[in-house]
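Single-structure report; data block below.
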Amino acid sequence: MQYAQIILPLNLKGTFTYKVPEELDSKIQEGMRVLVPFGGKKIYTGIVFELHDLAPEDFIAKEVISILDDYPIVPSQQINFWNWLSNYYLCNLGEIYRFAFPSSLKLESETYLKLKPNAVIEFENLDVNEMYLIQALEVRQLINLTDIEAFIPKKEIIKTINSLIDLQYIEIDEKVAEKYKAKEVAYVKVKDEVLVNQNLTEILLQLNRAKKQKELFLNIIEKQTENPDLHIRKSELFEDGYFGSSHFKALADKNLVEEYYLQKDRIESYEGEIEEIEELSEAQKEARIEVDEAFEEKKNVLLHGVTSSGKTHIYLEKIEECINEGKNVLFLLPEISLTKQITQRLEKKYGRQLGFYHQKLTDFEKVEVWRRIKNNDIKILIATRNALFLPYQNLGLIIVDEEHDSAYRPREVSPFFNAKDAALVLAGFYDARVILGSATPSVESYYLARKEKLQYVFLNERFGSVKLPEFELINFKEAQDSKKVSGNFSLQLIDEIKKTLDEKNQTIILHNRRGYASVIECETCGYVNYCSNCDVVLTYHKAANEMKCHYCGQRASKPKTCPKCHSENLNERGVGVEQIHEEISKIFPENEVDRMDVDSMRKKFAYEKLYEKIEDRETDIVVGTQMISKGLDFDHIELVAIPKADSMLYVQDFRAEERAYQLITQVSGRAGRVSGNGKILIQTYNPDHSVFQLIKMNNVTKIYKYFLTERQKFHYPPFTKLIMIELKHIKDDKVNRASQFLGSILRKYLPEDCILGPERAQIARLNNLYQFQILLKLPRGKNYEKFKNLVLLSLKEFDEITAYQSIKKEVFVDF
DNA sequence: AGCACGCCGACT
DNA sequence: GTCGGCGTGCTC
């Protein structure tokens, strides 16, 4: 007797045991999709996690209804990977399954049934429900589970279906059950017999009275004879509006032409020429050798290359090598909008062997990529973090570009995991290699490299020996004292921009705060406008003329008078990027000043338009939030100014300084990429702050040493492991009590100095939920597992309290 | 997660 | 009297 552990797409602990019926016994394999009944009436697509023959003791296992695949759809490496994720990040396998699979591949009760062809039905042996179902199927051929509910009691549905399947009267229609449909494209051609048998001049004579038809016919025949292997798209004929579909139809009616359909990949692939990559510089060659040596020892690499040092060149070399060995490459990016440059280069080289995968694809497009990966049709996949779950057949290399980027571990989507770390583990299961690349590696990765867990490869110079930009600190306090300021800018900063403009070069101004003013306050009574869903002050957006909550998105109109005391003295405080943009536009009225932030880039193609404007040098100054630190590789940006640099440092987060360093360095990389005369102006009240001083010195080793010392001093990662537990509920006192209680359980098992909190979250209420946090600082190394198990035990104990079941609980490992 | 069951308040 | 709110318990 065989049993299967099944992963269901539910956020429930562990797997579920099902009995494998005899007739499926020889077919079933781990990693296949199966249909299983669950609860009263639901049917889910589950994944076979494990097969065994241990009958469960305290419940009766239900039977697997059917198997959906002929071969495992999830490779064993992926099953291992899921299992690791679930153990390491303390999340459920079901959550991972949901995240990993496009929804068309995990059907729920939409599953269709049909009569088995040639089934001889003996009606006298059927019960009422079975009879109903058979009759319904005779009328309708296909029927889905939701429809069956109309005539069979919910609880009887599964029983009925199972017994009819046992009797071999009905079956699950897999073709219909698969929601995915391939896209077909219409193509046209001149009919074969026309080309073979008929006299062309005669046909053309016939067509003389229909000028357009004749032209169209000639047009098609010309294309076809020019290149007989090329398919002519129907839509292509009508593109310029000269021909209409009626012309084509007339020709078709005369039996001269015909249309035919071909399945088309939903994702357009590159069909242009294929190009060789350029040669490496000396520094790159050295780096490449170091990478090779590390790979030789099966060691992964941290490629630390200063901005525009040409990390991409090294990626390309390694990609090519990997593909030549017959293996596949996964190229991860923090967000898909950054693909532009890398894609262009890879497309030229690899053409149709290149694929893309990210959350913006439609479900069908995802399935298509899924299949192409499964069939090994894609050699290189450029993708975001969710592509870690595709069914790779022989993965050889994973590149994690911009590995420091926080988009690799978004907090909002569950399951919570860091794609950079997960990539290293996934690669391990495939015996593949990993390159983590960044100009500003995360402190954690740098530490791993120092501990020789990763091979550290440093590219210290820009490609073509272009000089790195120069940093200058402007003491804003001094400037203010000597009255050398205009608004938020010192006169020195304004002068530098002027100089850059005079030389016909471009300037970037970074100010990492959205909106116009962060607070609108009544001067008379002190009233400020709060979000009604969150404990957060609304930000004033002048461009949209409204107040916005940056956390839940709520919007309100801007009050003209104080809603409380009706005073008209409303004061704007806290400078946002819109205000910086406004000021700069006023200082340089003759110049083109543009703004780049999520609010101004929301419109379709807004980003592309601005990108082109900057490229064509129509834009003189770009003012923007952190968005401008990515992807803007232009030749004529010479100056980067950061007028309020302090605002980046004083954020309550142990990574704030690291982030500030990364952001400043990334944006500085936009300056002087060609000329080597780039200049970065950092305006601050604290020019003596270590971070600014270290950035100015531009000594990478010292900066990371500083970060590591700070982290060690305050017991933060990478010297400890953090787990953050967040509890949320509508009722403040309820979460408060619950978190106190969880805190006391944790203190029972763990030493006091491991536990911080419970504390109210920085944002006490978000989306109408009050939130409390407990931060655990656990030792790294072999004790970590032991401690984590105690955390798990505590959480289990907490879950036993039924009164707290309604509390939303989230656990962030490696927070 | 999703669903059923059961217990309370506010409606025809 | 019943409809529907959500607290509780259960799913192989």
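Residue numbers begin at 1 in each chain, while the letters A, B, ... track the order of the sequences. Keep in mind that what you see is a predicted model, and the values were worked out from it rather than measured. These numbers come from the heavy atoms of this one structure, side chains and all, not from hydrogens, waters or symmetry mates.
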Nearest-Å distance, NZ (K809(A)) to P (dA1(B))? 11 Å

Under the side chain to side chain donor-acceptor pair (under 3.5 Å) test against Q5(A), which residue among E50(A), E30(A), H52(A) passes? H52(A)

Below 4.0 angstrom, N of the basic side chain to O of the carboxylate: do E335(A) and R385(A) qualify? no

Specify the separation, in whole Å, of atom CD1 of I43(A) and atom C1' of dG2(B). 15 Å

d(CZ, F38(A); P, dA1(B)) in whole Å: 13 Å

Side chains of E797(A) and Y749(A): do they bring a donor and an acceptor to under 3.5 Å? yes

Along DNA chain C, 5' to 3', what are the outermost nucleotides having an atom less than 4.0 Å from a heavy atom of chain A? dT8(C) to dC12(C)

Whole-Å gap separating P (dG2(B)) and CZ (F16(A)): 13 Å

Using 4.0 Å as the upper bound for N to carboxylate O, is an ion pair formed by E726(A) and K809(A)? no

With heavy atoms under 4.0 Å as the rule, sort F59(A) into base, sugar-phosphate or nothing. base

From CG of L10(A) across to P of dA1(B) the rounded distance in Å is 9 Å

Say whether Q771(A) and K808(A), considering side chains only, have a donor N or O and an acceptor N or O under 3.5 Å apart. no

Mind calculating the distance between CZ (F101(A)) and P (dA1(B)) to the nearest angstrom? 20 Å

Sequence neighbours excluded, the answer for side-chain hydrogen bond (donor to acceptor under 3.5 Å, both in side chains) partners of S794(A) is none

When we call it a touch if two heavy atoms are under 4.0 Å apart, what does S806(A) touch: a base, just sugar-phosphate, or nothing? nothing

